[in-house]
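In what follows, chains are A, B, ... by sequence order, proteins preceding strands, each numbered from 1.
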Protein chains: 2
Amino acid sequence: MEQTPSDPLDTALSGPQAAAELAAQMAAGGPPLATGTADKPFANMLCFSVYAAQLAFNRLYKQLLAPHGLTYLQYLVLVALAQAEDRTVGELGEVLFLESNTLTPLLKRMEAAGLVVRRRDAEDERVVRVALAPAGAEVVAQVECVPLDVLSALDMPLGDLQQMKAAIDRLGSELRKSTT
Amino acid sequence: MEQTPSDPLDTALSGPQAAAELAAQMAAGGPPLATGTADKPFANMLCFSVYAAQLAFNRLYKQLLAPHGLTYLQYLVLVALAQAEDRTVGELGEVLFLESNTLTPLLKRMEAAGLVVRRRDAEDERVVRVALAPAGAEVVAQVECVPLDVLSALDMPLGDLQQMKAAIDRLGSELRKSTT
DNA sequence: AACGATTAAATCGTGTACGACCTAAATAGG
DNA sequence: CCTATTTAGGTCGTACACGATTTAATCGTT
């Protein structure tokens, strides 16, 4: 119901050469770019598919994490902190692709909730180091099974998911290259 | 730099049977679920790849749409409205996967900006119908080339993108099924 | 030692998202 | 008819996300 495999122009095209292709198509009076039917207005837009999948992931994780008092982003922060002694705000930003203007309020909320500890680096007073608090480590242990629950809710072949992840990582990498 | 094809457990697994596989792996003392290295804490999490790709898409579109005074979501609304005479708030919510509590303030901002028109349905006073305003139609025409710009910034084969889109649509559909 | 440039966080304002709740209009049963 | 329920939007509070700006600490050069 969600898929229309027979869609003639099912997805966006690729690369500079594909852009040229599309430009030619438009010049030839083809269908306007990035449009679909009234029923599925975004049938040709890869960006929308990613947007919709992200919404869906966020909602599902929200359900599973809410009982533990976590949001999805807070969960990601805990996972990142569980892999290291501590991380600076900047290091967290690098792995999460976020800036301090998003992380600082988030980390303060998490500190207020007793999940993490923030302290200035003694060597460089500009740097704030963030580490798991005991309660945070406890929650990490509690939610270790959450990704498992998510996976068990899906009915898709492993190979597809592996391929998809590699492709999406590549896509994200390409998109980040294009952003000044 | 972004990819590690040789990663032994490069992605999440799939389906109930995969969940069982993972459970067995954990019981056998395998690596904890959904964890990566300190360098790449989310190497095994498909959800993170989608999250990161969405962030990247949003940032790139933001750059391209800002000169036209649009946000990414406002752009999606305009695209949806360009495909139909008008749409009710509920219909917009269906195609965008959003609720009225998100759409109402958004649509009011867009109305204030002169992009859309909102009016109560005469037949059913509960319903609000949203249509493109002249300025909105003008902006739609101006941003028709934006997806083209995004595509031209990518260096990925068309086939990969087509496959990816189909797979991500499937993923979103499966995730939505799992959300109560 | 001094001072301009750089860097790391933080602050502020705007715009999504969404859970919880509310209001008004339409509809279903009696 | 007339109330009970349902339905469509809307409001409110909280939490991301990010552009623009600010503050404070460090560095580089003299």
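- Among the protein residues, A/Leu103 comes within range of no part of the nucleic acid, since none of its heavy atoms lies under 4.0 Å from any strand.
- A sub-4.0 Å separation between OP1 or OP2 of C/dT6 and a side-chain N or O of A/Arg126 is absent.
- Proximity of a side-chain donor or acceptor of A/Thr102 to a complementary backbone N or O of A/Leu98 within less than 3.5 Å is not detected.
- Atoms CZ (B/Phe97) and C1' (C/dT16) sit 17 Å apart, rounded to a whole Å.
- Between the side chain of A/Arg87 and the backbone N or O of A/Ala80 there is at least one donor-acceptor pair closer than 3.5 Å.
- When the nucleotides D/dG10, C/dA10, C/dT6 are ranked by their closest atom to the side chain of B/Ser100, D/dG10 comes out on top.
- When the side-chain nitrogen and oxygen atoms of A/Gln74 are compared with OP1 and OP2 of D/dC16, one or more of them lie within a distance under 4.0 Å.
- Each of A/Leu106, A/Asp86, A/Leu81 was checked for a side-chain contact (heavy atoms from CB on, under 4.5 Å) with A/Val116, and the lone residue meeting it is A/Leu81.
- In this structure, B/Arg118 reaches the D/dG10 phosphate: one of its side-chain N or O atoms is under 4.0 Å from OP1 or OP2.
- The B/Leu98 side chain lies nearest to C/dA17 when the options are C/dA17, C/dA26, D/dC18.
- As a whole-Å value, the separation of B/Leu92 CG from C/dA17 P is 14 Å.
- Considering only side-chain N and O atoms, B/Lys62 lies nowhere under 4.0 angstrom from the phosphate OP1 or OP2 of C/dT16.
- Here the side chain of A/Glu174 pairs a donor or acceptor atom with the backbone of B/Asp155 at under 3.5 angstrom.
- As judged by a 4.0 angstrom heavy-atom cut-off over every strand, A/Asn101 is placed among the base-contacting residues.
- Contact annotation: A/Lys108 does not reach the phosphate of D/dC16 (side-chain N/O to OP1 or OP2, under 4.0 Å).
- A straight line from CG of A/Leu107 to C1' of D/dA17 spans 14 Å, rounded to a whole angstrom.
- Looking at heavy-atom distances under 4.0 Å, B/Arg59 makes contact with sugar-phosphate atoms alone, never a base.
- Under 4.0 Å is where a charged nitrogen must lie from a carboxylate oxygen, and between B/Glu125 and B/Arg120 no such pair does.
- The residue among A/Asp124 and A/Tyr51 whose nearest nucleotide of DNA chain C lies closer to the 5′ end is A/Asp124.
- Listed nucleotides: C/dC18, D/dT26, C/dA25. Nearest to the side chain of B/Thr102: C/dC18.
- Residue-to-nucleotide proximity on DNA chain D shows that, of B/Thr104 and A/Ala122, the 5′-proximal contact is made by B/Thr104.
- Counting to the nearest Å, the C1' atom of D/dC18 and the CG atom of B/Leu65 are 15 Å from each other.
- Between the P atom of C/dA8 and the CZ atom of A/Arg119 lies a distance of 18 Å, rounded to the nearest Å.
- Counting any heavy atom pair closer than 4.0 Å across all strands shown, A/Arg129 reaches no nucleic acid atom.
- Going from atom CG of B/Leu73 over to atom C1' of C/dA17 covers 9 Å, rounded to whole Å.
- When the C1' atom of D/dC16 is taken as reference, atom CZ of A/Arg109 falls 7 Å away, rounded to whole Å.
- Between C/dA10, C/dA8, C/dT16, one nucleotide has an atom nearer to the side chain of A/Arg120 than all others, and that is C/dA10.
- Residue contacts for B/Glu99: at a heavy-atom cut-off of 4.0 Å it reaches no nucleic acid atom on any strand shown.
- Rounding to whole angstrom units, OH of residue A/Tyr72 and P of C/dC18 are separated by 14 Å.
- Not one N or O on the side chain of A/Gln63 forms a donor-acceptor pair closer than 3.5 Å with the backbone of A/Leu60.
- Dashed line: the shortest gap from a side-chain N or O of B/Thr71 to OP1 or OP2 of C/dT14 is not under 4.0 Å.
- B/Glu123 comes within contact range of the sugar-phosphate backbone alone, with a heavy-atom separation under 4.0 Å but no base atom that close.
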